[in-house]
2 protein chains.
Amino acid sequence: MTRMITPTQDKRGIVDEIVDFLYAEITSLRLLPGTRISEPDIAERFGVSRQPVRDAFRRLEAMELILVRPKKATEVRKFSALAIEKSRFLRAAVEAAALREAAKKCGKADGFQLDACIAMQHRALAQNDHAGFGVLDYEFHQQICQIGGVPYAFDVIRAEKAKVDRLCVLGLAKERRMPELIADHEAIAAAIKANDPEAAASAGMLHLSRLDETIAAIRINNAAYFEDDRS
Amino acid sequence: MTRMITPTQDKRGIVDEIVDFLYAEITSLRLLPGTRISEPDIAERFGVSRQPVRDAFRRLEAMELILVRPKKATEVRKFSALAIEKSRFLRAAVEAAALREAAKKCGKADGFQLDACIAMQHRALAQNDHAGFGVLDYEFHQQICQIGGVPYAFDVIRAEKAKVDRLCVLGLAKERRMPELIADHEAIAAAIKANDPEAAASAGMLHLSRLDETIAAIRINNAAYFEDDRS
DNA sequence: GGGTCAATTCTTGTATCCAAGTTTGTATCC
DNA sequence: GGATACAAACTTGGATACAAGAATTGACCC
């Protein structure tokens, strides 16, 4: 896991450390939505003053991972139906565009790279290695962006994934989903290697739609972690 | 010009004021790229301490409008070819998706709304009202997102526009471009009203491509405002 | 026992001070 | 005159102190 948060920073400081720590805590769901976190508390844990913690909070707020209101306790953001919808739209738009580009530009070496990644995904499945599969999943989507010549697209995908991924930790029966996801990846890779942009895009959209069912199921079972969006 | 920066904030504070002020200064190009801005200076101007200014700087940094490095003077971000490319890709992806949705869902009332907006754009052209046209241009794209049922898409478009729009201020002969842009809008509206998603998307892509020529021209004439990206 | 009100405690917002590093200006030497 | 070195001023980063508001807890009254 390389630097996930600050892609364009040259010197890592204390605030980066704090951001990375809280980022991991939140996205791994060790800090549940609604959990209150206070600046002095974190500051004491890191042995620093409140100032760097404040800066870190501001960064996490920009990532929409925490909710900070004046004079009120800062808390880990709950899931919001609107935010999920927005995130899904954004990912769909960006991923479709990246897939189309990748399908247009995919050469022989690129195809091999995709195949290699999928082969490793099969290995992870055989070993029931969920964490490893998660990393390979990221890698697969990143490869697509790079093949398409739009590496920055992955920044968006990763950022949006971060907002929703922690939700999926609540989901059960991951092993059930892995074969399905690998099959999706194979269909996507096939379309890209066939230089068929539309097929690649629609395969990607199908892949994304798997999330919808998962999220819908999670939502009814974990209403406490969702904002009560009375609209 | 309503609240442009903080869409999900309930109470406007001092930092919001400072952010809005600097945001306007930077995007309007009254503060040129490379201009150094210091915390104490801004703090004195607003009659507050450095702390709120610090927070404001962090927010503007997250918007990629300023560049703050440790122990070095903070400056207005220069244009970067990579950032422009990323922004363009993001806008294209999101706008294409929004246009497709709008074309799918456009009803009669929606069509009238688009026509009304375009009619006002003609008025602005006749009166040579550039500022008014700019507002209407924003409004047109926002209407598309709302018709498509993806209002949040406009948040992305607006945010990305902010990073590039100031560049276009450097461009000359705006009046030359206005008729062209209005014609584009008419083509887009026609495709949407005809419920033709692909035509709408490609018309939108053509519309976006107008920017490329403008930016390329600006770049060679204003190299000083661009990062020297030796890559 | 339940409800209401007040005080205490906890939260973030702001101001000020000190530290560390960069830049810039100046004086001096060649 | 040009280059170099030193020093002063200016920059942000971090720590600490104080202020204002929100929430919780407790006591007191009904």
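Chain letters run A, B, ... following the sequence lines, proteins first, then strands; residues in each count from 1.
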| NA contact type, A:R36, heavy-atom cut-off 4.0 Å: base, sugar-phosphate, or nothing? |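 Here A:R36 touches the backbone only, sparing every base.
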| said: Please classify the nucleic acid contact of A:E39 as base, sugar-phosphate, or nothing, using heavy-atom distances under 4.0 Å. | reply: sugar-phosphate
Rounded to whole angstrom units, what separation is found between the [atom1] atom of [X] and the [atom2] atom of [N]?
| X | N | atom1 | atom2 | value |
| --- | --- | --- | --- | --- |
| B:R58 | D:dG14 | CZ | P | 8 Å |
| B:R50 | C:dT14 | CZ | P | 15 Å |
| A:F46 | D:dG14 | CZ | P | 13 Å |
| A:D55 | C:dT14 | CG | P | 14 Å |
| B:I14 | C:dT12 | CD1 | C1' | 14 Å |
| A:F57 | C:dG13 | CZ | P | 10 Å |
| A:I42 | C:dT11 | CD1 | P | 11 Å |
| A:K71 | D:dG21 | NZ | C1' | 5 Å |

| field | For C:dG13, the Watson-Crick or wobble counterpart (both distances under 3.5 Å) | value | D:dC18
| note | Using Watson-Crick geometry (N1-N3 plus N6-O4 or O6-N4) or G-U wobble (N1-O2, O6-N3), each under 3.5 Å, C:dC30 is paired with D:dG1
| Distance from A:I215 atom CD1 to A:I84 atom CD1, nearest 0.5 Å? | 5.0 Å
| What's the spacing between A:T27 OG1 and A:R30 CZ if we round to 0.5 Å? |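 The CZ atom of A:R30 is 7.5 Å from OG1 of A:T27, to the nearest 0.5 Å.
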| Quiz item: B:R69 side-chain donor-acceptor pair to D:dG13 base, under 3.5 Å |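 No, no donor-acceptor pair under 3.5 Å.
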| message | Is the shortest side-chain heavy-atom distance between B:Y138 and B:V135 below 4.5 Å? | response |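 No, their side chains stay 4.5 Å or more apart.
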| said: For A:V48 and B:K72, find the nucleotide of DNA chain D closest to each by heavy atoms; which residue's nucleotide sits nearer the 5' end? | reply: B:K72
| When the nearest nucleotide of DNA chain D is assigned to B:Q51 and to B:P40 on a heavy-atom basis, which residue is associated with the more 5' position? |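 Nearer the 5' end of the strand: B:P40.
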| request: Determine, using ring centers only, whether B:F226 and B:F79 are less than 6.0 Å apart. | output: yes
| C:dG13, D:dA15, D:dT12: which one has an atom nearest the side-chain heavy atoms of A:V68? | C:dG13
| Are any of the side-chain nitrogens in A:E85 or A:R88 under 4.0 Å away from the carboxylate oxygens of its partner? | no
| query | Does A:S38 make a side-chain N or O approach to OP1 or OP2 of C:dT11 shorter than 4.0 Å? | reply | yes
| query | D:dT12 phosphate, OP1 or OP2: any side-chain N/O from B:T74 under 4.0 angstrom? | reply | yes
